[in-house]
Amino acid sequence: MSEFKAKSKRYGGGFRAFFFDWMILLLFVVLVAASAVTSEKFRTVGNIMNVLRQASFISIIAMGEFFVILTGQMDMSISSTIGMTSIFFAGFVVNNGIPLGIALVLVLLMAVVVGLINGALTVYGKMPSFIATLVVMNVLKGIYYIYSKGLPISGVPTSFNYLGAGYIGIVPFPVIMMLLIAAMLYVITKYTAVGRGFYAVGGNLEASKLSGINTRFIGVLAFVVSAVLSCVGALGLTAKTLSGNVNIGEGLLFDVMTIVVLGGTSLTGGRGKIFGVVIGALFLQVISNIMVLMSIDTYWQWVVKGVILVAVVLIDSNTKKD
Amino acid sequence: MTTTVGTATPLLEVRGCTMEFPGVRALDNVSFTLMPGECHALVGENGAGKSTLSKCITGENRMTAGELYADGKPVKLSGYSIRESQHMKIAIVHQEFQLMNDMTGLENIFVGHYDTRGGFINWKKLEARARKLLEFLQCDIELNVPVKSLRTAERQIVQLTKALLDEPKVLILDELTAVLQEKDILNIFRIIGILKSRGIGVIYISHRLDEVFSCCDSYTVLCDGRFVSSGRVADITKQQLIRMIIGRELSGAYPPINENLGETILEVKNLTAPKAFRDVSLSVRAGEVVGLAGLLGAGKTELVNAIFGHHRVVSGKVLVRGKEVNIRNPRRAIRLGMGIVPDERRMLGLNMLFDIKDNTTLPSMRRFRVGRVFQNLRAEARAAYEVNERLNLKYYSLWQNVKKLSGGNQQKIVVAKWMLRECDIFLLDEPTRGIDIGAKFEIYTLVNELARAGKAVILVSPEMEELIGLCNRIYILFEGKVMDEVEGERKTQEVIINSLLGVSAHE
């Protein structure tokens with residue numbers, strides 16, 4: 001009895017494993033504390049809520065990419081899924097007069113199709129996901145540029161604004177949405193067989209197959225989750241400006257990758273935590289915010305984020321974890 | 001073959017070698033002497049320090065304390081490196097292939113040792129040199145095709161040739177024969193004979209003790225990093241050697257074979273897969289252990305995988321409990337009660353990023369569901385604990401990563417996961433590959449217990465002794481066909497070897 005207790009105690013690896021699991025949280029706390037001490041504007045409730053709201057969209061998108069990376073693949077097409085969502089949603093509502101709810105379902109279905117295509121090319125077509133999703137990215141981009149002629153589509157009803165800019169009490173609605181999604185995904189990764197399947201497939205595809213995991217299903221599902229969450233994030237971004245915009249997703253891929261890696265996800269798959277992604281997103285957003293508050297040229301953000309990504313990957317590649 | 005042992009100066013001598021890694025003492029005051037023209041076996045269990053000692057000799061590891069003498073002269077250990085040891089004509093051939101698969105044998109042999117003229121490689125000259133070396137070894141190998149198209153044994157010869165390029169005086173063979181079949185092993189022995197006759201000292205590391213007795217002159221046994229014994233092979237018996245290696249007496253060899261057989265559980269009829277095996281028929285009864293023997297490339301692994309739905313077949317039938325089934329994928333096989341222990345434990349058997357609990361429960365997660373969706377983690381841990389305890393797994397926590405466990409313990413987890421799945425057909429593909437003698441016998445007991453519990457077991461093994469000791473019946477495959485089926489009195493090494501080599505035992 002007691003022997004079972006001893007052998008089922010969490011953190012068999014001791015302090016070291018614990019430390020590596022929560023290193024990013026520790027760094028985040030330090031960063032927030034430092035920011036709060038140095039900047040008065042940072043400490044205001046308004047600013048903090050703003051940071052949270054900004055972080056929520058990107059962290060929803062990053063949680064999708066997280067699943068793809070967890071299975072050992074990569075989804076390059078998210079920027080186009082975001083652009084597609086934004087343009088077609090606005091187009092459906094403004095040009096075709098489709099009700100908001102139906103337009104929402106339509107774009108979500110489109111995202112599912114994008115995910116299925118990515119998954120099919122990678123899992124069934126055995127293409128390297130890097131190339132498959134790169135192709136899908138460009139083709140999609142072509143499609144929504146043709147549809148919109150590259151112009152923004154404005155005039156989405158203001159009632160939709162709530163999704164991107166609404167508040168519940170003092171907390172922005174997107175933050176609530178992000179936390180709900182994160183909680184749901186956490187439960188899926190930890191307490192369901194499918195959730196563990198993502199880790200199994202990323203950790204060792206062949207061994208998973210021989211253990212009876214439906215590896216193809218899991219592989220495709222990861223891309224679908226990624227596309228759908230990109231779509232949800234994009235809806236939030238579109239709701240904020242109430243217009244469809246072709247370049248709404250430009251440059252997001254880099255931030256998303258940084259966030260996923262910052263959260264402790266292994267780029268070769270099989271290792272990572274959903275809350276790590278949330279903390280990674282907050283971390284990156286706080287960096288942006290503090291740089292703005294200190295009135296540093298925004299172009300410096302690219303440099304700083306690049307340095308962060310290199311540092312994190314360097315640490316990850318060169319530390320031995322058990 | 002002349003072996004000069006006695007008053008001659010040792011080629012190599014290690015005295016009081018201690019090697020410490022942070023937190024572990026891998027070698028503790030070990031001494032080792034190699035004479036010219038002798039083949040010296042370095043034996044011990046996994047983790048006994050054999051590889052560490054050979055790395056100390058090649059300079060890959062720097063010993064913490066100790067002395068090294070070459071030809072009777074002390075070697076300065078500060079600054080001793082691989083480069084230095086190469087200079088002293090010490091060469092090593094590793095068990096793992098260190099060849100570039102897409103390059104030809106010739107390119108592989110000379111990589112880094114090009115003979116250039118005016119910046120251009122003189123391939124003609126290099127080929128002539130390689131041919132001469134092969135002639136010396138009395139081997140004939142196609143050097144101008146990518147090595148990946150060569151047989152395993154031929155690739156080993158390429159590695160050997162590469163090592164002989166610098167005309168070494170000391171040659172370390174690190175588990176060279178682990179992946180070879182009998183016939184090719186005999187060829188290696190022949191080559192060792194040639195090397196010895198030239199006065200080259202060979203350090204021979206192997207898990208297979210039979211090899212020690214058939215090709216080595218002297219032995220050194222290590223146990224837990226300590227020196228146990230050293231002497232002439234002719235002076236000891238295999239039983240004595242085993243005792244020295246595991247530091248205790250081995251309780252009886254093989255457990256008695258289960259004779260209490262039930263109905264036929266698995267039947268395979270005329271199964272054919274192109275390029276792997278054809279027209280294979282076999283059957284297994286409950287409580288029976290059925291062996292599959294055959295040389296490398298005879299189609300054993302493919303056959304087992306095909307039964308498990310992991311290798312495509314073009315014709316034939318599989319029947320489980322008398323009913324014909326169509327096993328398209330492993331999932332289907334598992335649902336029919338099959339479990340597989342693949343030949344490559346680390347690549348196919350386990351997920352190295354997972355802990356013990358997750359590896360154990362991976363195929364049976366469905367059993368621990370609450371409300372059809374969620375996993376009951378506590379129940380999973382409890383079940384994983386119980387099955388692993390039953391198998392005597394050595395571990396301290398269920399959340400421990402499987403990567404650092406020993407080979408034998410890892411293999412137990414692979415078996416445990418199918419026991420937890422309550423399989424009744426076990427497909428074991430070389431379950432004792434690369435694990436120590438002590439652990440091997442634990443696996444033997446386990447196989448026997450499975451049979452006694454009424455499971456049907458198919459056992460693939462390259463070791464004939466193992467098959468004879470464990471199996472009720474043995475099918476012998478030769479080039480993809482069932483050559484013979486032996487049981488009872490015909491279950492002897494002689495009959496099996498004949499069939500293995502394609503010589504029909506029937507008149």
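In what follows, every heavy atom counts, from backbone to side chain, and hydrogens, waters and symmetry copies are set aside. Below, chains carry the letters A, B, ... as their sequence lines are ordered, and counting in each starts from 1. Quick caveat, the model's predicted, so the values are computed rather than measured.
Only the side chain of B:E380 comes within less than 4.5 Å of a heavy atom in chain A; its backbone stays farther off. Contact annotation for B:T361: only side-chain heavy atoms (C-beta onward) come within less than 4.5 Å of a heavy atom of chain A. Within the 4.5 angstrom heavy-atom criterion, only side-chain atoms of B:L377, from C-beta onward, approach chain A. For a residue to count as touching a neighbouring chain, one of its non-hydrogen atoms must lie under 4.5 Å from one of that chain's; by this rule B:R346 touches chain A with the backbone only. Neither the backbone nor the side chain of B:R332 has a heavy atom closer than 4.5 Å to any heavy atom of chain A. With a 4.5 Å cut-off on non-hydrogen atoms, B:L398 touches chain A through its backbone and its side chain both. For a residue to count as touching a neighbouring chain, one of its non-hydrogen atoms must lie under 4.5 Å from one of that chain's; by this rule B:L348 touches chain A with backbone and side chain alike.
Using modelled atom types, no side-chain atom of A:Y191 and backbone atom of A:Y186 make a donor-acceptor pair closer than 3.5 Å. Formation of a donor-acceptor pair under 3.5 Å by the A:S77 side chain with backbone atoms of A:T133 is not found in this model. In this structure a side-chain-to-backbone donor-acceptor pair under 3.5 Å is missing from B:R366 to A:A193. Panel note: side chain B:Q410, backbone B:V402; a donor-acceptor pair is recorded below 3.5 Å.
Inter-residue side-chain proximity for A:I218 and A:F198 is flagged as met; some heavy-atom pair is nearer than 4.5 Å.
Highest contact tally toward chain A, considering only B:I356, B:N305, B:L362, is held by B:L362 [criterion: heavy-atom pairs under 4.5 Å]. Ranked by heavy-atom pairs under 4.5 Å with chain B, the list A:T192, A:I213, A:L210 is led by A:L210. Contact count against chain A (heavy-atom pairs under 4.5 Å) is highest for B:M365 among B:E344, B:M365, B:M352, B:R335. Heavy-atom pairs under 4.5 Å with chain B were tallied for A:A200, A:G270, A:G195; the largest tally goes to A:A200.
Relative ring orientation between A:F283 and A:F28 is described as tilted, the plane-to-plane angle lying within the 30° to 60° band.
Listed by first and then second residue, the ring pair (Phe, Tyr, Trp, His ring centres under 6.0 Å) pairs involving residues 327-375 of chain B amount to none (not counting sequence neighbours).
Between A:T81 and the choices A:V114, A:L229, A:D75, A:I61, the side-chain contact (heavy atoms from CB on, under 4.5 Å) rule is met once, by A:V114.
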